[in-house]
Amino acid sequence: MKKKIEELILQAVEKLKTDGALEQEINPPITIERTRDPLHGNFAANIALVLAKPAKSNPRQLAEKIIASLPQHDMVTKVELAGPGFINFFIDTKSQFEIIRQIHDSGSKFGLSQVGAGKKVQVEFVSANPTGPLHVGHGRGAAYGSVVADLLNAVGFDVHREYYVNDAGRQMDILATSIWLRYLEECDEVLPFPSNGYRGNYVREIAWDIHKNANNEYRRPVELVLENIPLDEPQGGDKELHIDALIARAKTLLGTSLYQDFFQIGLNKILDDIKADLHEFGVDYQQWFSERQLMDDGSVEKALERLRAGGHLYEQDGATWFASSQLGDEKDRVVVRENGQYTYFASDIAYHMNKLDRGFDQMIDIWGADHHGYIPRVRAAMQALGANPAKLNVLLVQFATLYRGEEKVQMSTRSGEFVTLRQLRNEVGKDAARFFYVMRRSEQHIDFDLKLATSKTNENPVFYVQYAYARVCSVFRQLDEKGWERNLLLGMENLELLVEEHEASLVSALVRYPELLERAALQYEPHQLIHYLRELAHEFHTYYNAHQFLVEDAALRDARLNLIGAAKQVLANGLGLLGISTPESM
RNA sequence: GCGCUUGUAGCUCAACCGGAUAGAGCACCAGCCUUCUAAGCUGGGGGUCGCAGGUUCGAGUCCUGCCAAGCGCGCCA
């Protein structure tokens, strides 16, 4: 519809040009907008305002000329000059009501489009370290990432969802060692637990499990474990040195193979838990990508070679540096440490090279906002690898601050005092949790008040939207009970009976859905869909209160049923994209 | 100190990437259930869009400078 109007205006401008009323070389960008106020019609064009200066004319006069040159079209009932020079278009209600037929015909496919057709896009999100269960902070990334992916999919992109598993590095060693120390406790050894270890209950559970299966196979005397280990922080030492020494001790006392058991069992247990957790949250991936694999198959070495070949690496202080500051980063970064170990950044370069090699047209990384300082160096790496850095799009998700009423809830994986995503789901349910997470722009901080979200009779807006859906279902149930039958065809033939204002505004909400979806997808802004659904629900509730649907007149009744049937379909499509259920009764 | 993000109604947030009189929800006040679910609807009050300049037909939106909050600035991940 928008495009039709664009064409009309273009024709008018061409006509003015041939008439000599406009200079030939003037080629304005035509932007058509939906109006906010129905008094301004359905669409507004600002072309006269934009054109006024180059045409050396005043906007209102110019607009009049354009209006006079507009070709007739039966879709447009009225064209008006308004305000400083807007041209307002009023669309025939009959053409608007065509949407009801379209929605019915397309069903669950209504609103989908093909703007992204032929383009491969990769969305990487959550990617939390597998050192513990997901907490509520990860939940936001999970909900946001999965909806962004689903939206892109809905507008035609070939979407690949991926979780980058940080199964290498020091954090994993700390986990493995934490499990082993807890295991020793299971063997009735008495020893202090490192302040920098993972203290969560899940660590004890894993240790308990291992002890059950292996008995004392991994048991080593405490004296050997603690011998010559530097003091922990509470004892006036350094917690980092303390834990690193414990890790080294675990490796020597157990030997590589037995130590790996703890590493691997811990990783598997936690990763399985994360997978199940996300799946229950409605989040699924095409691929779980292992960091360790990059290390093992030489990808990291290959990536560094490529950088070296491009002259981007140099040695200093015994370490290997990436000269990222020449590519927009604020300083150079170490990729190989003095001790010969790769940094996390090195494997991340390899990971992004891998993404490039897989031929994605667009790569979307969704990170917690605290990682924003990391963006320039990854961009620099992309560039150094010879790729267009614009292919990488990093979307930041701000932290959710948790409150229990007035009180702020502290979170730390180490200390084990955190609210897990699973706990949150159990308390508020998947629907409310997803809705809440995605309701706001991702860059906004959100205060997640557990008290408020867990109170069942709250003002949670998810119910408002679901209730609209349930009400439509209820109307159809009532229809049955009254012994009436819906005649779809009769209703479609009588759409012109829908003359009420409420009906017109409900229809114009429905008409907007496809373009809304496209915008929300291309801008990575799921919250727009939420806002739209709330508006749509509002239009429906208003209509519901103002008019009776189940009237005696069958033609009018069926026309109205077709209208609310269309509303039901769009609500279902929108909620479906958000991964939120559509209860038939509430 | 430098960088990123944020600042809009009492509170929580929108505003279609420059458009017309800045909108919702919650809270507050006043109404609507013998009729399809009142988890709903209708009406009302409430704003110097952090501050000051600038760009132009037109600025909450773009530019500059300040102010405030959060985060980041490791041979951690």
Side-chain angles (χ1 to χ4, degrees), chain A residues 31 33-37 39-40 44 46 48-50 52-53 58-60 82-86 88 128-129 131 166 168-172 174 240 291 316-321 330-331 333-345 347-348 368-376 396 398-399 401 439-441 443-447 449 452 456-464 466-468 470-479 481-482 512 515-516 519-520 522-523 525 527-528 530-532 534-535 537-538 540-551 560-561 564 585-586:
Chain A
T31 57
E33 269 197 341
R34 283 195 177 275
T35 55
R36 235 180 269 164
D37 188 339
L39 286 174
H40 299 142
N46 64 351
L49 293 160
V50 179
K53 197 160 196 185
N58 96 43
R60 285 187 68 98
F86 288 102
N88 292 337
N129 284 347
T131 51
N166 297 125
R170 182 162 169 265
Q171 296 305 321
M172 288 304 299
I174 295 178
E240 306 290 347
E291 178 189 7
Q316 190 183 306
D317 303 331
T320 306
W321 297 70
E330 55 182 22
K331 56 177 94 158
R333 310 290 174 178
V334 170
V335 286
V336 185
R337 289 193 279 260
E338 202 177 351
N339 64 11
Q341 298 248 308
Y342 295 125
T343 59
Y344 170 83
F345 181 44
S347 46
D348 220 15
D370 53 334
H371 287 70
H372 62 77
Y374 200 74
I375 298 173
L396 298 176
Q398 287 286 355
F399 269 130
T401 316
M439 194 165 66
R440 283 145 202 193
R441 245 172 52 232
E443 312 92 81
Q444 280 283 358
H445 288 98
I446 56 175
D447 293 337
D449 186 343
L452 190 125
K456 200 67 183 170
T457 55
N458 63 6
E459 55 279 337
N460 194 332
V462 67
F463 293 128
Y464 183 79
Q466 288 179 320
Y467 185 43
R471 264 184 158 175
V472 179
C473 295
S474 170
V475 172
F476 282 109
R477 281 195 297 270
Q478 288 288 320
L479 178 75
E481 281 166 29
K482 295 200 176 189
R512 277 169 42 217
E515 44 194 89
L516 176 280
R519 200 170 60 230
L522 296 178
Q523 298 181 356
E525 291 187 344
H527 77 272
Q528 291 192 25
I530 298 245
H531 282 272
Y532 169 80
R534 292 173 76 167
E535 264 176 61
H538 173 72
F540 171 77
H541 286 309
T542 304
Y543 180 34
Y544 180 98
N545 273 274
H547 299 284
Q548 190 81 18
F549 308 142
L550 301 177
V551 291
R560 287 184 170 169
L561 288 176
I564 64 168
S585 70
M586 293 173 72

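Chain naming here is simple, since letters A, B, ... match the order of the sequence lines and numbering starts at 1 in each. Fair warning: this is a prediction, and the values are worked out from it, not measured in the lab.
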*What is the pairing partner of B:rC2, taking Watson-Crick or G-U wobble pairs with both distances under 3.5 Å in any strand?*
B:rG72
_Under 3.5 Å on both distances, the Watson-Crick or G-U partner of B:rG7_ = B:rC67
*Would you say B:rA15 has OP1 or OP2 under 4.0 Å from some side-chain N or O of A:His527?*
yes
*Under the 3.5 Å rule, do the base of B:rG72 and the side chain of A:Asp370 count as making a donor-acceptor pair?*
no
_Any side-chain N or O of A:Arg440 below 4.0 angstrom from OP1/OP2 of B:rC13?_
yes
_Using a heavy-atom cut-off of 4.0 Å across all strands, would you classify A:Thr542 as base, sugar-phosphate, or nothing?_
sugar-phosphate
*NA contact type, A:Ala82, heavy-atom cut-off 4.0 Å: base, sugar-phosphate, or nothing?*
base
_Counter-base of B:rC17, judged by Watson-Crick or G-U geometry with both distances under 3.5 Å_ = none
_Which residue lies more 5' along RNA chain B, comparing A:Tyr464 with A:Lys53 via nearest heavy atoms_ = A:Tyr464
Could you list the protein-to-nucleotides 75-77 of chain B atom pairs, N/O on both sides, closer than 3.5 Å?
residue	atom	partner	partner atom	Å
B:rC75	O2	A:Glu338	N	2.7
B:rC75	N4	A:Asp317	O	2.9
B:rC76	OP2	A:Arg337	NE	3.2
B:rC76	OP2	A:Arg337	NH1	2.8
B:rC76	O5'	A:Arg337	NH1	3.4
B:rA77	OP1	A:Arg337	NH1	3.1
B:rA77	OP1	A:Arg337	NH2	3.3
B:rA77	OP2	A:Tyr344	N	3.1
B:rA77	O2'	A:Asn129	OD1	3.2
B:rA77	O2'	A:Asn129	ND2	2.6

*Identify whether any heavy atom of A:Arg534 sits under 4.0 Å from a base atom; if not, whether one sits that close to sugar-phosphate; answer base, sugar-phosphate or nothing.*
sugar-phosphate
_Complementary nucleotide of B:rU12, counting Watson-Crick and G-U pairs under 3.5 Å_ = B:rA24
*A:Val335 backbone acceptor or donor facing A:Trp321 side chain under 3.5 Å*: no
*Could you let me know what B:rA39 is paired to, Watson-Crick or G-U wobble, both distances under 3.5 Å, or none if it's on its own?*
none
_Let me spell it out: for each of A:Gln523 and A:Arg441, pick the nucleotide of RNA chain B with the closest heavy atom. Which residue's pick is nearer the 5' end?_
A:Arg441
_Syn if the chi torsion is within 90° of 0, anti otherwise; quick check, which is B:rC33?_
syn
*In whole Å, what separates the P atom of B:rA14 from that of B:rG72?*
22 Å
*asked:* A:Arg333: which residues meet the salt bridge (Lys or Arg N to Asp or Glu O under 4.0 Å) condition with it, sequence neighbours left out?
replied: A:Asp329
*Ignoring hydrogens and angles, does a donor from either the side chain of A:His372 or the base of B:rC71 sit under 3.5 Å from an acceptor on the other?*
yes
*B:rC51 to B:rG46 separation - C1' atoms, rounded to the nearest Å*: 23 Å
